[in-house]
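Notes follow the structure.
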Amino acid sequence: MSTTPSGAGDRLVQVGAIVFFVGALATLVTVAPLFLGTDPFPSIAYAVCMLMGVGFLIAAAGVVRSAWSSSPKRTAGSRP
């Protein structure tokens, strides 16, 4: 177990990575029938592929939140 405290956006980055990989897996599954010569999946399967972009945006928001909360201006103002 880690004893370091988690940052402001660490949880967002973790959730974003999971959502991104779910979208990446959906993309691989959706594209496979095109190479195998079988019938393509319904449109909802292509919509699940958009989770890649959503996961990227969630992770990017976590990085921005971490950087914003640890910026010198924010930490200098909280010191007595």
Side-chain angles (χ1 to χ4, degrees):
M1 279 200 81
S2 175
T3 58
T4 59
S6 61
D10 288 349
R11 183 64 63 179
L12 281 174
V13 172
Q14 291 172 353
V15 169
I18 292 169
V19 172
F20 179 85
F21 285 119
V22 168
L25 180 65
T27 300
L28 290 175
V29 169
T30 304
V31 172
L34 301 174
F35 292 112
L36 299 174
T38 59
D39 292 334
F41 287 106
S43 298
I44 191 70
Y46 292 98
V48 175
C49 296
M50 297 298 166
L51 288 178
M52 261 174 73
V54 172
F56 181 78
L57 289 176
I58 293 171
V63 170
V64 168
R65 182 175 178 195
S66 292
W68 186 68
S69 68
S70 66
S71 68
K73 289 181 180 179
R74 309 275 301 136
T75 56
S78 64
R79 293 183 186 164

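Quick note: residue numbers are just sequence positions, from 1. What you see is a predicted model; the values in this text were computed from it and never measured. Scope of the values below: all heavy atoms of this structure, side chains included, with no hydrogens, waters or symmetry mates.
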Can you list, pair by pair, the side-chain donor-acceptor contacts under 3.5 Å of residues 18-36, counting residues two or more places apart and other chains?
{"unit_1": "Thr27", "atom_1": "OG1", "unit_2": "Gly23", "atom_2": "O", "d": "2.8"}
{"unit_1": "Thr30", "atom_1": "OG1", "unit_2": "Ala26", "atom_2": "O", "d": "2.6"}

Output a table of donor-acceptor pairs, distance under 3.5 Å, between side-chain atoms of residues 41-57 and any protein atom two or more places apart or on a different chain; print 'none' if there are none.
none

**Q.** Other cluster members, Val13 - Ile/Leu/Val/Met/Phe/Trp/Tyr, side-chain contacts below 4.5 Å
**A.** Val63
